[in-house]
Number of protein chains: 2
Amino acid sequence: MDKNIPLIRKLGAFIALSESELSFLASLHKRRRTFAVGSDLVHQGQPDQAAYVLDSGWACSYKLLENGQRQIVDFQIPGDFLGLRSLLLNVSDHGIEPVTDIKVTKICATDFLNALEHTPRLATAVLWAMSCDEATVVERLVDVGRRNSTERVAHFLLELGARLTLVGLGSTDGYACPLTQYLLADALGLSAVHVNRVLRQLREEGMVTFQNGFVDFDNYDQLVNFAGFEQSYMDKAGQLRY
Amino acid sequence: MDKNIPLIRKLGAFIALSESELSFLASLHKRRRTFAVGSDLVHQGQPDQAAYVLDSGWACSYKLLENGQRQIVDFQIPGDFLGLRSLLLNVSDHGIEPVTDIKVTKICATDFLNALEHTPRLATAVLWAMSCDEATVVERLVDVGRRNSTERVAHFLLELGARLTLVGLGSTDGYACPLTQYLLADALGLSAVHVNRVLRQLREEGMVTFQNGFVDFDNYDQLVNFAGFEQSYMDKAGQLRY
DNA sequence: ATCTGGGGCTGATCTATATCAGCTCAGTAT
DNA sequence: ATACTGAGCTGATATAGATCAGCCCCAGAT
C-alpha cells in the first residue's frame, strides 16, 4: 500500500491501520481534483456535503464578516482535512480557498459516515486528527488574544515550521512558505502594513527572515525563547499511542 | 432511560441512540464527582488520562502564557465535554477550572476508546460534538481578531445566550450568567477595566444589561444587528440529520 | 462593629497598532 | 519601450484599548 498518500501517512502515525482500513483510504484516493488559486473550494454559508483531503499545495479556511474584513482561521498543508467540520455540521460556517494551486481528494458525506460505522478505528483516528486541528485553532486564539504583534508573528512562523516538519516539509533551518504578508495579516488579526514592519524588525534582530517565499530561522533558539514557543503539544500529537 | 442526563440530551439531539448506546452512557453516569470554585480539574501540561462531562454548573478551559497572562479558550455549560482533546492528545495543552461549583462525570481513556470501537454511532456523535466545540472556538477567534471591543462583547453575550438556549437555560430575553468581568476579559482578550466600560456603554445604549449575575437583552434585534451575529451555524448544529 | 477582600466602577495617561499616503521593484501584458 | 499590477516597504498621524491609581459597595470573617 502506498505510504506516500499524505492522509495515510498522517492517520497511520496515530494508529496502526489494518489492511481493510488502508484499502478503504486508498480507494478514496481515486477521486482527485485540482483547484487553482482564486477558485474557492467551499463558500461560506453553502450547504455542504463534501470534505476534502489536501494532497499537495496549501489552502486556508477563513470567515468573512459583514464589514468585509476576514479572519483566516487556519492554513492547511498536505495531509490535512479541508472542511471536515462543515460535513458534520451540515452547513459550511467558513470558506476555504487555495493559497497555491492544489490537488485534493474529495470525500462525500455518505462515504465518510459509512466509513466511520464500519471501520471504528478509523473514526478514532479522525477524532485524533480533529483534536490536532482544534489545538492549532486554540493556539491561534492565544496568539491573537494575548501576544503582541512581534511575538505573534514569531510564534506563528515557529508553529507553522513545526507542523511542516512533521510532514517532512521543514526543519529548524526554515521552510518554503507561499504565504503573502496579506494572508499573514488576515490570519493574525493585524494589518498588512504592520506585518511588514514586524517582519523587518525580526529580520533586523537576526531571528527570522521571511523573504522570497522562504522562512529562514536565523537564530532558532532565540526565536523560540522570544516567542514563548512550547512545542510539546506538537511532539505528542505525532506520537503513536494506540 | 433518563433523558435528563445532559450528555444524553446533547448527543441524542444529533443521532437516535440505541438501547445499548443509551445504557453505556447511563453507566458512565455513575462515576460522578464534585469540584468547588478554585480547585482545577485539569492542570496545563499534566499528562491526562481522563475527560469529563459537565453535569451542572459552569467551567472554563484556558491556556497560560509564560508572562502570567491567560487566555480563556471557552466556557463550558451543562452537557459539554471537558478535556476531550487532551484525552486524545495524551497531554493536556490547557487547564480547566470551575467557574461555579460543578458536578461532573468522569470518563477514563480506556473506556472511551473502547466505546468508540464498539458503538461506532457514538463515535460519530462525539465527532459531531467536537465539531460544535471547534466552531465556538473559531467564533471566539473571529471575535478577538476582527471585532472591536464593543462588538466583541456583544457578540460573545449573544453566542453564549444561543448556546444556553439550546440546553434550555436561556432565551432571547436573557439568562443567568455567573461570569465575572475578569473572566470575560480573559476570554475576549481585553482588560477587565475595558470590559467594564464596554458593558456600561452597551447598557446605556439600551442593548444589553449584564449585572448581578444576569444578562438581560434589552433590545435583542438591535444587539444582533450591531454585533453582526449569525446564528445559522448554531441552529443547524442542533438539527437531527443522521 | 470593624476589618478585609473581591468585584465593580471611573478618570487620566500612555502606547501599540491601524490608517493614510505614497514609494520601489519585478513580472507581465500592450 | 511603456504601462500596469501586485507585493513589499516606509514615515506621519490618529485612535482604540491598556495601564495606573484609586474609589465604592457588599459579604463574610474577626
Side-chain angles (χ1 to χ4, degrees), chain A residues 36-38 58 65 67-72 97 99-100 143-157 176-205 208-216 226, chain B residues 36-38 58 60 65 67-72 97-101 143-157 176-204 208-216 226:
Chain A
V37 179
W58 292 36
L65 304 206
N67 59 29
Q69 292 190 103
R70 75 167 179 178
Q71 174 69 42
I72 290 180
E97 73 171 39
V99 167
T100 65
D143 276 347
V144 172
R146 293 290 153 186
R147 292 188 227 271
N148 66 32
S149 59
T150 326
E151 292 166 355
R152 200 183 302 181
V153 171
H155 192 273
F156 175 80
L157 292 177
C177 178
L179 304 178
T180 66
Q181 296 184 346
Y182 286 83
L183 287 170
L184 227 51
D186 280 351
L188 296 176
L190 297 171
S191 68
V193 174
H194 201 64
V195 167
N196 181 282
R197 264 190 285 261
V198 166
L199 287 175
R200 173 163 49 107
Q201 185 193 334
L202 287 170
R203 187 179 344 120
E204 285 172 356
E205 289 176 4
V208 232
T209 305
F210 178 18
Q211 271 176 335
N212 309 314
F214 280 87
V215 172
D216 289 302
F226 171 75
Chain B
V37 180
W58 292 34
C60 70
L65 303 205
N67 59 30
Q69 293 190 102
R70 75 168 178 177
Q71 174 70 42
I72 290 181
E97 73 171 39
V99 167
T100 64
D101 292 349
D143 276 348
V144 172
R146 293 290 153 185
R147 292 188 227 271
N148 66 33
S149 58
T150 327
E151 292 166 354
R152 199 182 304 181
V153 171
H155 192 274
F156 175 80
L157 293 177
C177 178
L179 304 179
T180 67
Q181 296 183 345
Y182 286 85
L183 288 169
L184 228 49
D186 279 350
L188 295 175
L190 297 171
S191 67
V193 174
H194 203 64
V195 167
N196 180 281
R197 265 190 285 259
V198 166
L199 287 175
R200 172 162 51 106
Q201 186 192 334
L202 288 170
R203 187 182 341 122
E204 285 171 356
V208 231
T209 305
F210 177 19
Q211 270 176 334
N212 309 316
F214 280 87
V215 172
D216 289 303
F226 171 76

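Chain letters run A, B, ... following the sequence lines, proteins first, then strands; residues in each count from 1.
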Can you check the [X] [atom1] to [N] [atom2] distance for me, whole Å?
{"X": "A:R147", "N": "C:dA16", "atom1": "CZ", "atom2": "P", "result": "18 Å"}
{"X": "A:L188", "N": "C:dA16", "atom1": "CG", "atom2": "P", "result": "18 Å"}
{"X": "A:R146", "N": "D:dT19", "atom1": "CZ", "atom2": "C1'", "result": "13 Å"}
{"X": "B:L183", "N": "C:dG6", "atom1": "CG", "atom2": "P", "result": "14 Å"}
{"X": "B:N212", "N": "C:dG7", "atom1": "CG", "atom2": "C1'", "result": "11 Å"}
{"X": "A:N148", "N": "C:dA18", "atom1": "CG", "atom2": "C1'", "result": "15 Å"}

Heavy-atom pair of closest approach, residues B:V144 and B:R152
O-NH2, 3.6 Å

Identify each atom pair where a protein N or O and an N or O of nucleotides 4-12 of chain D are less than 3.5 Å apart, giving names and distance.
{"residue": "D:dG8", "atom": "OP2", "partner": "A:Q181", "partner atom": "N", "Å": "2.9"}
{"residue": "D:dC9", "atom": "OP1", "partner": "A:Q211", "partner atom": "NE2", "Å": "3.3"}
{"residue": "D:dC9", "atom": "OP2", "partner": "A:Q181", "partner atom": "NE2", "Å": "2.7"}
{"residue": "D:dC9", "atom": "OP2", "partner": "A:N196", "partner atom": "ND2", "Å": "2.9"}
{"residue": "D:dC9", "atom": "O5'", "partner": "A:N196", "partner atom": "ND2", "Å": "3.2"}
{"residue": "D:dT10", "atom": "OP2", "partner": "A:R200", "partner atom": "NE", "Å": "2.4"}

Using a cut-off of less than 4.0 Å, is there contact between a side-chain N or O of B:S149 and OP1 or OP2 of D:dG17?
yes

Distance from B:Q71 atom CD to A:D143 atom CG, nearest 0.5 Å?
10.0 Å

From A:L190 CG over to A:R197 CZ, what is the distance, rounded to the nearest 0.5 angstrom?
10.5 Å

Would you say A:R146's side chain and B:R70's backbone share a donor-acceptor pair under 3.5 angstrom?
yes

For A:G213, which contact category applies under a 4.0 Å heavy-atom criterion: base, sugar-phosphate, or nothing?
nothing

Within the structure provided, determine whether A:F156 and A:L179 are in side-chain contact (heavy-atom separation under 4.5 Å).
yes

Among A:T150, A:V193, A:L188, A:N148, which residue meets the side-chain contact (heavy atoms from CB on, under 4.5 Å) test with A:V198?
A:T150

